[in-house]
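The chains referred to below are lettered A, B, ... by the order of the sequence lines, with proteins before strands, and numbering in each begins at 1.
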Amino acid sequence: MEQDLSYFRDFGEQIEQRLDKLQNFAERGQAAYPPRVIRNHTAAEAITLYDEAEAALPEGSEEKPEITVQVAGRLVAIRIMGKSTFAHIEDGTGRIQIYLRKNDLDDSYDVFKKDVDLGDFIAVQGHLFRTRTGEVTVHADAYQLAAKALHPLPEKWHGLTDIEIRYRRRYLDLISNSEIRDIFRKRSQAISAMRKFLDNEGFLEVETPTLQPIYGGAMARPFTTHHNALDMQLYLRISDELYLKRLIVGGLDKVYEICKDFRNEGISTKHNPEFTMMECYWAYADYEDMMRLTENMIASIAQEVLGTTKITFNGQEVDLTPPWRRLNLAEGIKAQTGIDIFDTYSDVKALWEECQRRNLKVTPQPSWGKLVDELLGEYVEPTIVNPTFIHTFPLDISPLAKQSPSDPRVVERFEAFVVGMEIGNAYSELNDPVAQRQRFLEQQQIADAESHAMDEDYVLALMQGMPPTGGLGIGVDRVVMLLTDQQSIREVILFPHMRSKE
RNA sequence: GAGCCGUUAGCUCAGUCGGUAGAGCAACUGCCUUUUAAGCAGUGGGUCCUGGGUUCGAGUCCCAGACGGCUCACCA
């Protein structure tokens, strides 16, 4: 069938020119998209090979290494000087310069000048040499087009800076901005390091449902979907907490899962509708054990990825070295505001009036815990730079956490903060089925969109008996933000959520 | 969801008081056999985000909308 190129010709002058060049390859009987090309060395390997061969020569030797390589990559720079040309190709390992001469290549040199473009992939065979300026370069005996690019590359000096295009067409961002590739390499390393740490600690990696009949484990609005064959409404998980704790009931004493959670809420520099969460549960541990686990895990990830636990975030020095500071929530609030949430403001009304005076809003209906949380968010969290565990939370905003034995108003829970950002949340898990059912019922009284749903199937699991357990959730994207010094969560998610055009 | 800012050539950006739409890179045509943001000479390339309005005349002023960024709200 005749190829219809009219669609592509509409993309403009430069695409048309490239289509014509594509045609030229076809007319010469050369494949523009061959099934394979020969590539025996990466760019980095070729350079290392030459460096090492050179170093192996005797001191003061006039000899030069004779090494033939076959490299391939995307053409990212071309400098044509009449009958000779320098160019750079780039593969996943980096860049290498290539050198082409009319003398060596004859007709195919002219083809290169005429029909090969910046952005195309080519395979080059030749011997390595070092240029006058000292750069290891492949002197080409032959080259072959590996894949034609129809679109020109972004500008070579400034790269691609348009944020919208960077996110929507991340491949362009990755092609032209090497520091972006580095961020995502670090993200991958951080997740590997997290797995390695948890595996070493004896945790078992498990997988639990993304599609859930009842959503739970967090206070958030869910995405809903529908299963046709079963004709039932399902929710995309907002958390995997309740499933993981069922596994603790089942005797898997240390489990973790790294997965996407989905929350149908606002988008911001710290929130993406789908985000990556690590949750782990540890039988016979409590929230203080989880603090130690958290600080050791984050420090170990930083060490693995960055080689240090001292980092810079937004110009601030941050030390992730354990042990992290422990700050009692009530004491933190008192220190920043003078408000004593247990004494003067121990009832909702008094605290609410105080918050009103300070122009703080709590929706839809204020409870003591929500007001305390508001004060925390407003006055304490922003002051935190170095990692801090804020612990001992109000009970009414913690329906899955175990009540403190010394004070019925609070639970054994902490949130981990670094540079004003919450990166983790953990507690001694509530394992009393009667108390848990009661807490769910109390949540029903609140009856706002984000109160926790009654989950009788989960209560049934607790009725089977769950050992005392510590649980922890870590916002993986935020940890990556921290490690890569990025202020926006979109910079650490390859394809952040975007509104569709039109 | 609200407020502020932005959207001009493939990319990065100028565009004065409302008066013929500009530069660099990229592209095209020449010259150029060790360059590296190669160089030199020349040429082409525009839905000025979209739709209305004001005006003799709108990239520029007004209104509405789309998309994005930041801040706020909700949240991790």
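Relative to the side chain of R101(A), the nucleotides rU12(B), rC67(B), rU33(B) differ in distance, and rU33(B) lies closest. Minimum atom distance to the side chain of S268(A) is reached by rA73(B), of the listed rU34(B), rA73(B), rG45(B).
Taking 4.0 Å as the cut-off between side-chain N and carboxylate O, D396(A) and K370(A) do not count as a salt-bridged pair. At a threshold of 4.0 Å, the pair R166(A)-D173(A) counts as salt-bridged, since one of the basic side-chain nitrogens sits closer than that to a carboxylate oxygen.
Distances shown here put every side-chain N or O of R221(A) at or beyond 4.0 Å from the OP1 or OP2 atom of rC74(B). Remark: R490(A) is in phosphate contact with rC70(B), judged by side-chain N or O atoms under 4.0 Å from OP1 or OP2. Neither OP1 nor OP2 of rA76(B) sits under 4.0 Å from any side-chain N or O of T276(A). A close approach under 4.0 Å does occur between a side-chain nitrogen or oxygen of K21(A) and OP1 or OP2 of rC28(B). Regarding contacts with the backbone of rA26(B), a side-chain N or O of K156(A) is found under 4.0 angstrom from either OP1 or OP2. For rU34(B), neither phosphate oxygen OP1 nor OP2 lies less than 4.0 angstrom from any side-chain nitrogen or oxygen of T137(A).
Residues K83(A) and Y109(A) have side chains that never bring a donor and an acceptor to within less than 3.5 angstrom of each other. If you check the side chains of R101(A) and S84(A), you find no donor sitting under 3.5 Å from an acceptor. Inspection of the E279(A) and S239(A) side chains reveals an N or O donor paired with an N or O acceptor under 3.5 Å. In summary, the side chains of R187(A) and T276(A) do present a donor paired with an acceptor at a separation below 3.5 Å, with no hydrogens or angles considered.
Pairing for rG59(B) is absent, judged as Watson-Crick or G-U wobble with the two contacts each under 3.5 Å. Base pairing of rA66(B): its partner is rU7(B), meeting the Watson-Crick or G-U wobble criterion (both donor-acceptor distances under 3.5 Å). Pairing of rA41(B), defined by two Watson-Crick or G-U wobble distances under 3.5 Å, is identified with rU29(B). Of all nucleotides present, none satisfies the Watson-Crick or G-U wobble test against rU34(B) with each distance under 3.5 Å. Applying the Watson-Crick and G-U wobble criteria (two distances, each under 3.5 Å), rA14(B) pairs with nothing in any strand.
Counting distance only, with no hydrogens placed and no angle test, the side-chain atoms of Q14(A) and the base atoms of rA26(B) include a donor-acceptor pair under 3.5 Å. Interface remark: the R79(A) side chain does form a donor-acceptor pair with the rU35(B) base, using a distance-only criterion of under 3.5 Å. For a distance-only test at 3.5 Å, the side chain of Q97(A) qualifies as a donor-acceptor partner of the base of rU35(B). Residue-to-nucleotide contacts include a donor-acceptor pair under 3.5 Å from the side chain of T131(A) to the base of rU35(B).
Between the CD1 atom of I175(A) and the C1' atom of rA26(B) there is a distance of 15 Å, rounded to whole Å. Remark: P of rU35(B) and NE2 of H139(A) are 15 Å apart, rounded to the nearest angstrom. When the P atom of rC74(B) is taken as reference, atom CD of E374(A) falls 6 Å away, rounded to whole Å. Rounded to whole angstrom, the span from the CZ atom of R499(A) across to the P atom of rG65(B) amounts to 13 Å. Counting to the nearest Å, the C1' atom of rG10(B) and the CG atom of L160(A) are 11 Å from each other. With rounding to whole Å, E16(A) atom CD is found 12 Å from rG45(B) atom P. At whole-Å resolution of the value, CG in L153(A) and P in rG10(B) are 15 Å apart. Nucleotide rG46(B) holds its P atom 13 Å from the CG atom of D10(A), rounded to whole Å.
Spacing of C1' atoms, rU60(B) relative to rG53(B), comes out at 15 Å, to the nearest Å. rG52(B) and rG39(B): their P atoms are spaced 45 Å apart (whole Å). For the C1' atoms, the distance from rG46(B) to rG22(B) is 11 Å, rounded to whole Å. rU16(B) and rC74(B) have their C1' atoms separated by 45 Å, with the value rounded to a whole Å. For the P atom pair drawn from rU8(B) and rU47(B), the interatomic distance equals 12 Å after rounding to whole Å. Rounded to a whole angstrom, the distance from the P atom of rC25(B) to that of rC40(B) is 8 Å. Here the separation of rU50(B) from rU7(B), taken at their P atoms, is 13 Å to the nearest Å. For the P atoms, the distance from rA14(B) to rG6(B) is 11 Å, rounded to whole Å.
Each of I78(A) and H158(A) lies near RNA chain B, and the nucleotide nearest H158(A) is the one positioned closer to the 5' end. Mapping I80(A) and P152(A) onto RNA chain B via the closest heavy atom, the residue that lands nearer the 5' end is P152(A).
By the 6.0 Å and 45° rule, R358(A) stacks over the aromatic ring of Y379(A).
Between the side-chain ring of F275(A) and the base of rA76(B), a stacking contact exists by the 5.5 Å and 30° definition.
Annotation: F129(A) is in aromatic contact with Y99(A) [ring centroid separation under 6.0 Å].
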